[in-house]
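Written out below as structure tokens is the structure these notes cover.
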Amino acid sequence: MQAVRERLTVAVRARSVSNPDHIQIRPASSTVRVVLPPELASARSDNQRSSWEWTYDHVFGGESSQEKIFDETVAPVVDAVLRGYNGTVLCFGQTGSGKTYTHTGSTSQFAQRGVAPRAIARVFSHAASQPQYETLVTASYLEIYNDTLVDLLTELPGPGPESLSLVDCESSTTVRGLRAVAVADEAAALEVLFTGERRRSVSCHQLNDRSSRGHAVFTLSMEFRSRVESSGRVTRAKLVFVDLAGSERLKKTQTSGCLRGESVYINQSLTHLDQVVVAAAVSRGP
Ligand code: ADP
Ligand code: MG
């Protein structure tokens, strides 16, 4: 169980809730408790529960800073990648709940930057502290919009845009034709991240005036090669950030036309993701 816990951690980040008596965010015990209001609880028949509690690896309240979120949840993933393990950070939640804020953060305020730019800084400060290794980093940025693959980096200099296709290899799934841009330092990697961010599909609706309309996958691929050992051994690892488009209740977002069509694709793909997670959990066993 310990090994599984180390491989997969779940953190809940809650924004301030309007009814804290009934939705209790408890960082100290890493729990979220939901208590039915008395009028609803009394309407239920005997022996039916009126409260529920879930325990996670981390629970953060509305006051938690971007720095705290990164240090306690994502920094350990980055450090594992720097030791040669692949790592993925996936932001999941209802539209408007703060996924893109957590992933990218504010571009105008340094303190508000999200986990992806902080991870980039950590990767390159590690590389600078290890001059005995040559570190090569490439970045790619993919969007899945209305079930189609979009390369968000085609604006950058490089070969012309190619059509993208999914290729299933034995051990992994890759996107053929997706541009991978070599990034020599933190500034170059941030430039790639924000170039891709600007190209993402966003729209305004009732719950979010910059709602992501597609799932975004930002990948840093790394190679570490010793400059002192002659064995020529190369360690490769990938750090993947997935900023999902949020699940949307059409009644709440009040969307129609094209936006409504996008919502249907978003919800459908999240349902498929849910099925994959359940199947993976079942195949792995307790
Ligand atoms: P999502 O990506 O989940 O749909 P966003 O990240 O776009 O939602 O967040 C919606 C709005 O709320 C944005 O204007 C964002 O800056 C703001 N926001 C989200 N979470 C926070 C937070 N923890 N602190 C301050 N502002 C936040
Ligand atoms: Mg978003």
Side-chain angles (χ1 to χ4, degrees), residues 10-20 23-27 30 32 56 58-75 88-119 141-150 152 190 193-219 240-255 258-271 273-274:
V10 179
V12 172
R13 181 181 203 179
R15 299 182 67 175
S16 51
V17 291
S18 51
N19 45 1
I23 301 178
Q24 300 171 7
I25 307 301
R26 302 157 140 191
S30 295
V32 174
Y56 300 93
H58 307 271
V59 170
F60 298 99
E63 73 300 336
S64 295
S65 65
Q66 296 279 67
E67 182 180 18
K68 184 176 168 74
I69 301 282
F70 176 77
D71 287 349
E72 295 184 20
T73 63
V74 178
T88 298
V89 177
L90 200 129
C91 298
F92 175 88
Q94 187 191 306
T95 189
S97 56
K99 298 178 296 299
T100 302
Y101 178 78
T102 302
H103 173 268
T104 318
S106 163
T107 45
S108 53
Q109 286 171 286
F110 190 64
Q112 303 295 322
R113 69 200 188 285
V115 292
R118 286 171 196 268
Y141 211 164
L142 172 76
E143 184 178 58
I144 305 169
Y145 171 73
N146 283 359
D147 260 3
T148 47
L149 302 169
V150 180
L152 293 175
L190 288 176
L193 173 69
F194 291 116
T195 299
E197 280 299 314
R198 284 192 292 274
R199 283 210 56 210
R200 288 184 64 181
S201 311
V202 290
S203 299
C204 167
H205 60 61
Q206 196 71 10
L207 296 183
N208 187 351
D209 57 6
R210 279 189 63 78
S211 168
S212 318
R213 312 310 294 157
H215 310 300
V217 184
F218 178 70
T219 306
V240 183
F241 289 93
V242 185
D243 180 19
L244 293 167
S247 50
E248 298 185 354
R249 295 186 70 178
L250 297 176
K251 211 165 79 182
K252 282 196 177 175
T253 52
Q254 295 179 12
T255 47
C258 181
L259 273 182
R260 194 183 179 94
E262 290 169 348
S263 302
V264 171
Y265 275 111
I266 292 169
N267 289 344
Q268 196 177 46
S269 55
L270 291 172
T271 305
L273 175 65
D274 184 45

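Bear in mind the structure is a predicted one, so any value in this text is a computation, not a measurement. Just so you know, ligand 1 is whichever comes first in the structure, and atom 1 is the first atom listed for that ligand.
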(request) May I ask you to list the atoms of ligand 1 that are less than 4.0 angstrom from any heavy atom of Gly96? (result) 1 (P), 3 (O), 4 (O), 8 (O), 10 (C)
(request) Find all atoms of ligand 1 within a distance of less than 4.0 Å from any non-hydrogen atom belonging to Thr95, and give their numbers and elements. (result) 4 (O)
(request) May I ask whether Gly93 has any heavy atom positioned less than 4.0 angstrom from an atom of ligand 1? (result) no
(message) As an exercise, identify every atom of ligand 1 less than 4.0 angstrom from a heavy atom of Thr100.
(response) 2 (O), 6 (O)
(message) How far is atom 13 (C) of ligand 1 from the closest protein heavy atom, and which atom is that?
(response) Asn208 OD1, 4.8 Å
(message) Pairs of nitrogen or oxygen atoms closer than 3.5 Å, one from Gly62 and one from ligand 1: do any exist?
(response) no
(message) For a 4.5 angstrom cut-off between non-hydrogen side-chain atoms, does Leu270 reach His215?
(response) yes
(request) Check whether any protein heavy atom sits under 4.0 Å from atom 18 (N) of ligand 1. (result) yes
(request) Report yes if Thr102 has an N/O atom closer than 3.5 Å to an N/O atom of ligand 1; otherwise report no. (result) no
(message) Looking at Gln112, I'd like to know if its CD atom is crowded, meaning that more than 12 non-hydrogen atoms belonging to other residues, nucleotides or ligands lie closer than 6.0 Å.
(response) yes
(message) How long is the straight-line distance from CD of Glu197 back to NE2 of His103, given to the nearest 0.5 Å?
(response) 6.0 Å
(message) Less than 6.0 angstrom from the centroid, inside 45 degrees of the normal: does Arg198 satisfy that with respect to the ring of Phe194?
(response) no
(message) Under 2.8 Å from the Mg ion (ligand 2) - does any N, O or S atom of Thr95 fall there?
(response) no
(request) Could you tell me the residue and atom name of the protein heavy atom closest to atom 22 (C) of ligand 1, and the distance to it rounded to 0.1 Å? (result) Tyr101 CE2, 3.3 Å
(request) Would you confirm whether any non-hydrogen atom of the protein falls under 4.0 Å from atom 27 (C) of ligand 1? (result) yes
(request) Can you measure from CZ (Phe92) to CG (Asp274) and round to the nearest 0.5 angstrom? (result) 7.0 Å
(message) I'd like to check which ligand 1 atoms, numbered from 1 as shown, lie under 4.0 Å from a non-hydrogen atom of Gln94.
(response) 3 (O)
